[in-house]
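Start at 1 and go down the list; that is how both ligands and their atoms are numbered.
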Amino acid sequence: MGVYEAFYRRSIEERDAFWAEEAKRIYWHKAPEVICDDSRLPFVKWFKGGETNLCYNAVDRHAAERPNDTALIYVSTETNEEKRYTFAELQREVERMAALYLNLGVQKGDRVLIYMPMIPEAAFAMLAAVRIGAIHSVVFGGFASASLATRIDDAQPKIMVTADAGMRNGKVVPYKHLVDEACALAKTPPEKVIIVDRGLDKGFPRVEGRDLDYATLRAQHLDAAVSVTWVESTHPSYILYTSGTTGKPKGVQRDTGGYAVALAASMDYIFCGKAGETMFATSDIGWVVGHSYIIYGPLLAGMATILYEGTPLRPDPGIWWRMVEQYRVAVMFSAPTAIRVLKKQDPKYLKSADLSSLKHLFLAGEPLDETTHKWIHEALGKPVIDNYWQTETGWPMLAICRGIEEKPIKYGSPGFPVYGYNLKIFREDGTECGPNEKGIVGILPPLPPGCLSSVWGDDARFISSYFSLFKEPLVYSSADWGIKDEAGYHFILGRTDDVINVAGHRLGTREIEEAVQAHTTIAEVAVVGVRDEVKGQVPVAFAVVKDPSRVETEQGRQALEAEVKQKVDELLGAIARPQRVYFVSALPKTRSGKMLRRSIQALAEGRDPGDLTTIEDRSALEQIAEALKTQ
Ligand code: ATP
Ligand code: MG
């Protein structure tokens, strides 16, 4: 048995002994009495009886040991600012924010809704909440007022923290204005709204008696000393809504102790990050990657973390690589979409930076196609680790754990089940798939530490959304298709609701997309199933080409369409051949980089594209509508 296999097996077969050891990575005010209480599955209580605090472990502990080490590096290419905070400074700012919360009557268990751009105060706001046992709910700043209002009504926050505005691509986004609209729409608006005034939206409206200025309040608490509130391990640390790609977002509820232990272990075993090093996760605090690997993970590990306000392309496509060089980034975490965007740029940007500090690049959030995986691996000359997980799990379910064993990477595969996850591929009757047989990715409970403990305020929905796939056995359903090859490498084939059913054959959109992308001129593609009278559904592809001159003429377009179909025939067979291949210059995605297949499919079937509040670029959808009409 290999080193990793043995390690993994122990995490499942000697679960409590395994996690009892991992629990030593964090400080416990009171030691746990029971490592895993699984008497009420699927509900689990990790480290029951233990008392700890997430902020204490992320900040105070390091502030005491290494006060002058950098904890937070804020870089904005939108406002051209850079600020650094040591662990000692970070603790001071967090205590000021915590004092201000307490002064407003925020108590243990109260919700604090954070709707903020990527500025240091957003990190203070999160850490201050967990410091006093309040529960934060960060809502991604790209959500419009209606989406924000539904989250306000679900979380029912006592207070909200926001900013006058954010900046994106050089344009001002009026956060405070959106908050006002959302509060007007919400049934249970917060009592108070704290505003970090960046001076970006001069003269934003203020609501008398409700709105409070952060700088003024902070000045009143400069010397505040707020001791941490020790909470039970199972006490909720935060609520985070899923991205909503497949429908109504669910309020993922996370515990405290299990999450801290899981993240601390993952920093070592998966991300190979060490105290004193720098981590750069390019996500946003509004997403789970932001929670786990911009804020809590790196800080728990005593690393410096970069909070970046900006895009990968401004002021030029070399910005991220220059940041790696300048801050000596050791661990970088991004998403396949961003890499596909960078792949289209002049290679000189990547080549001219000194990337010697970088150990690994981690990518997650959507399928990483083989072509992109190979490209970035070769361009960087560093291992690129695809890792698969969900808002629900909080940390990777599939990955190559290089901190345990340096297993070879297979392009297109996020690797093996991560220790703690009893992950299997299931047939639809609840039995386990054999090698190379496609099925649903599921986890046999208990879910390991760090995963969701319930759906906020709705235990019944926790069971109905995640544990009702089969009568027997009880399994957490990821709602993603997967496959495991003979060597144990897993592949994710797309979401279970993204399946195309062609004359009784079930095809994953991902498989067809991989085949289309195997044509060298295709940069990116989305495949959706479109209703068909005869076959039930047929695949239709929307592709972005690397060399647009190839599709400038009708003749060129037709020739390329034929070549792409030919490629799919070769790789998957004629059954998977897209009925049409449309060429566009951009694909509609959410702000977190996920393809809006639902909306593309609706347009292709002549229906309304549905809720588009999280769309990155509306013109991409218009292009699709246009292509459907004219090509
Ligand atoms: P919702 O659940 O509200 O529809 P969402 O599923 O898009 O939203 P997230 O939790 O952010 O919200 O995304 C998790 C999903 O992203 C996974 O279930 C999977 O479909 C996809 N995903 C994440 N990482 C990978 C990866 N490495 N490879 C393939 N797919 C991935
Ligand atoms: Mg999901």
Side-chain angles (χ1 to χ4, degrees), residues 138-140 142-143 147 150-151 154 239-252 254 270 283-293 333-340 361-370 372-373 376 384-400 409-418 421 423 440-443 451-452 455-456 461-462 465-466 476-483 489-499 508-511 513-514 589-599 610-611 613-616:
V138 183
V139 175
F140 174 57
F143 282 117
S147 312
T150 54
R151 287 159 176 82
D154 193 72
I239 307 165
L240 176 62
Y241 293 88
T242 60
S243 309
T245 312
T246 55
K248 188 169 176 265
K250 299 163 280 270
V252 164
R254 195 94 63 210
I270 304 175
S283 182
D284 186 283
I285 48 149
W287 308 123
V288 70
V289 177
H291 282 64
S292 294
Y293 296 112
F333 192 133
S334 192
T337 327
I339 302 305
R340 284 193 281 264
L361 171 66
F362 295 87
L363 297 174
E366 44 166 338
L368 175 61
D369 58 279
E370 280 189 51
T372 306
H373 199 171
I376 186 69
V384 175
I385 317 288
D386 181 7
N387 55 113
Y388 160 79
W389 46 299
Q390 308 180 304
T391 307
E392 289 84 347
T393 66
W395 60 289
M397 299 146 81
L398 289 174
I400 298 212
I409 291 160
K410 219 176 238 190
Y411 293 135
S413 163
F416 309 98
V418 169
Y421 288 95
L423 182 148
I440 299 157
V441 178
I443 305 163
C451 295
L452 81 169
V455 170
W456 175 251
R461 194 165 174 219
F462 175 64
S465 297
Y466 299 109
Y476 169 86
S477 165
S478 69
D480 287 313
W481 294 112
I483 207 164
Y489 285 85
H490 287 62
F491 294 81
I492 298 296
L493 305 174
R495 296 161 189 259
T496 50
D497 52 4
D498 275 347
V499 158
T509 50
R510 162 93 195 266
E511 297 162 272
E513 285 168 4
E514 282 274 0
K589 290 186 198 146
T590 63
R591 290 278 293 271
S592 57
K594 292 174 196 293
M595 198 78 78
L596 278 165
R597 284 206 189 71
R598 239 181 338 126
S599 306
D611 179 12
T613 47
T614 61
I615 193 166
E616 165 86 39

**Report entry** Glu366 side chain to Thr337 side chain, donor-acceptor N/O pair below 3.5 angstrom
**Finding:** yes

Contact check: [X] vs ligand 1, nitrogen or oxygen atoms, below 3.5 angstrom:
{"X": "Pro414", "result": "no"}
{"X": "Ser478", "result": "no"}
{"X": "Arg510", "result": "no"}

Query - From CH2 (Trp389) to CE (Met397), nearest 0.5 Å - result: 11.0 Å

Query raised in the report: Between Thr590 and ligand 1, which part of the residue brings a heavy atom under 4.0 Å of the ligand: side chain, backbone, both or neither?
Result: neither

Query raised in the report: Taking non-hydrogen atoms only, is Asp480 closer than 4.0 angstrom to ligand 1 via side chain, backbone, both or neither?
Result: side chain

Query raised in the report: Under the ring-ring contact (aromatic ring centres under 6.0 Å, His included) test, which residues partner Phe491, sequence neighbours left out?
Result: none

Report summary line: Min over Lys250, Glu392, Lys594, Met397 of heavy-atom distance to atom 16 (O) of ligand 1 lands on Lys594

Which of the atoms of ligand 1 are close to [X], meaning less than 4.0 Å from one of its heavy atoms?
{"X": "Thr391", "answer": "9 (P), 10 (O), 11 (O), 12 (O)"}
{"X": "Trp389", "answer": "14 (C), 17 (C), 23 (C), 24 (N)"}
{"X": "Thr242", "answer": "1 (P), 2 (O), 3 (O)"}
{"X": "Asp386", "answer": "26 (C), 27 (N)"}
{"X": "Ile492", "answer": "29 (C), 30 (N)"}

Requested in this report: For Thr509, enumerate each residue passing the side-chain hydrogen bond (donor to acceptor under 3.5 Å, both in side chains) test, keeping only those at least two apart in sequence or located in another chain.
Outcome: none

Query raised in the report: Measuring from the heavy atoms of Asn387, does anything fall under 4.0 Å of ligand 1?
Result: yes

Query - Pair Arg510 + Asp369, salt bridge at N-O below 4.0 Å - result: no

Query raised in the report: Could Glu392 and Arg254 be called an ion pair, given the rule that one side-chain N must be under 4.0 Å from one carboxylate O?
Result: no

Query raised in the report: Which atom names give the shortest non-hydrogen contact between Asp386 and His373, and what distance separates them?
Result: CB-CE1, 4.3 Å

Report task. Kindly give the heavy-atom pair with the smallest separation between Val252 and Leu452, and that separation in Å. Result -> CG1-CB, 3.6 Å

